[in-house]
Protein chains: 2
Amino acid sequence: EDIVVSDVAADLDQARVTVTGLPDDPGTAAAVFGAIADGGVLVDMIIQNAGADGRAGISVTVPENDADRTVQLLKAALPDAGTAVSCEPNVGKLTVSGIGLRSHTDVGARVFRILADRQINVQLVNTSEIKVSILVTPEEAEIGCQALREEFHLTG
Amino acid sequence: EDIVVSDVAADLDQARVTVTGLPDDPGTAAAVFGAIADGGVLVDMIIQNAGADGRAGISVTVPENDADRTVQLLKAALPDAGTAVSCEPNVGKLTVSGIGLRSHTDVGARVFRILADRQINVQLVNTSEIKVSILVTPEEAEIGCQALREEFHLTG
Ligand SMILES: C[C@@H](O)[C@H](N)C(=O)O
Ligand SMILES: C[C@@H](O)[C@H](N)C(=O)O
């Protein structure tokens, strides 16, 4: 019954860099990722949510050691004064994977409920078919990982 | 050399539902996904970017036929007057997959450059290790899919 989730993992060595106020026009994302690629930084997660009032935000996660360089690369590539770069130098990434995320409506809700019950604030969410990744603090990632492994009977 | 990308696909039957102005506090995501799960709607993508001023936005993609129901479920579950639900009833999802996304800094930049060269606006982005999903209009998804398959020599 609980094979719906097969693994829960915590990655504690990432940083989040966010660019807000980007012009929501064709070519902006190409400029942002061109700058990061030219600098040789390997990004892990890329997140852009729907924009508003012609502006949008893009976040990336990178290895902690690349955070400052990514911030510099982006600041040098920003199109205009309306954009800003911010950095959370130390985040924890929780990744929950399993076929249940695809086929059971309640697995996602259970994941967020477990974190809420421990007063863990969800900073960012990113999914693919059978995986959901959630950014929290590194301490919360360890607590959340343990709690989620117990919820889905993965401990031991 | 171009085995870095193994597939490009377009899904034209999705809708995007976005909730903005959510309190960025523990428990909010659990309430949002609890409401969707109680309604029996299967979400495909979940995206939350970093919040600002104590508020955050969450987008989900659902089958087109579930768009109205998802909007109703979310409107009934919203915590306060500062939140709002919007819906894009017909989006196209482009998914590019391959090991190169993990190991080559320039594959992501190439993907966004190809779309920019065709004046395609990136509405939303979501990644996992070896996949990037990009929301555009359905017409742009068909054009983008063709162009990306050519760029990475996948055309049959
Ligand atoms: C914000 C950015 O993604 C923009 N919409 C683009 O297409 O490049
Ligand atoms: C916005 C929402 O994700 C909130 N931060 C939560 O933890 O539930």
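Per chain, numbering begins at 1; letters A, B, ... match sequence-line order.
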Against chain A, work out which of B:Leu42, B:Leu101, B:Asp106 has the most heavy-atom pairs shorter than 4.5 Å and name it. B:Leu42
Region of A:Leu135 that comes under 4.5 Å of a non-hydrogen atom in chain B: neither
Below 4.5 Å from any heavy atom of chain B, which atoms of A:Leu115 appear? Answer side chain, backbone, both or neither. neither
In terms of heavy-atom pairs under 4.5 Å, which option from A:Ala50, A:Gly34, A:Ala35 contacts chain B the most? A:Ala50
Would you mind telling me which of A:Gly40, A:Ala31, A:Ala37 has the largest number of heavy-atom pairs within less than 4.5 Å of chain B? A:Ala37
Is it the side chain or the backbone of A:Ala56 that comes within 4.5 Å of chain B heavy atoms, both, or neither? neither
Only one of A:Ser86, A:Cys87, A:Pro89 passes side chain to side chain contact (heavy atoms under 4.5 Å, CB included) with A:Val71; say which it is. A:Cys87
Salt-bridge test for A:Arg113 and A:Glu151: reply yes if a basic N is under 4.0 Å from a carboxylate O, no otherwise. no
Picking from A:Asp80, A:Asp25, A:Asp24, what satisfies salt bridge (Lys or Arg N to Asp or Glu O under 4.0 Å) with A:Arg55? A:Asp80
Top contributor to chain B interface from A:Ala29, A:Ala116, A:Ala30 [non-hydrogen pairs under 4.5 Å]: A:Ala30
Given heavy-atom pairs under 4.5 angstrom as the criterion, report whether the side chain, backbone, both or neither of A:Val41 touches chain B. backbone
Does any heavy atom of chain B fall under 4.5 Å from the side chain of A:Arg16, the backbone, both, or neither of them? side chain
Let me see the working for A:Thr95 and A:Ser133 under side-chain hydrogen bond (donor to acceptor under 3.5 Å, both in side chains), right down to the final yes or no. CA-CA 4 Å; A:Thr95 302; A:Ser133 294; 3.3 Å; yes
Quick check on A:Gln119 against chain B: is it the side chain, the backbone, both or neither that has a heavy atom closer than 4.5 Å? both
Under 4.5 Å heavy-atom distance to chain B, tell me which part of A:Ser59 shows up: side chain, backbone, both or neither. both
For A:Val85 versus A:Leu78, what's the shortest heavy-atom pair and its separation? CG2-CD1, 3.5 Å
Could you check which of A:Asn49, A:Ile47, A:Thr28 has the highest count of heavy-atom pairs closer than 4.5 Å to chain B? A:Asn49
Should we say atom CG of A:Asp117 is surrounded by more than 12 heavy atoms from elsewhere, each under 6.0 Å from it? yes
Looking at A:Arg102, A:Glu88, A:Arg118, which makes the most heavy-atom pairs under 4.5 Å with chain B? A:Arg102
Does A:Asp7 have more than 12 heavy atoms from other residues, nucleotides or ligands lying within 6.0 Å of its CG? yes
Going by atom types alone, do A:Gln146 and A:Glu150 pair a side-chain donor with an acceptor below 3.5 Å? yes
Checking side chain to side chain contact (heavy atoms under 4.5 Å, CB included) against A:Cys145, which of A:Leu12, A:Leu94, A:Leu154, A:Asp11 comes through? A:Leu94
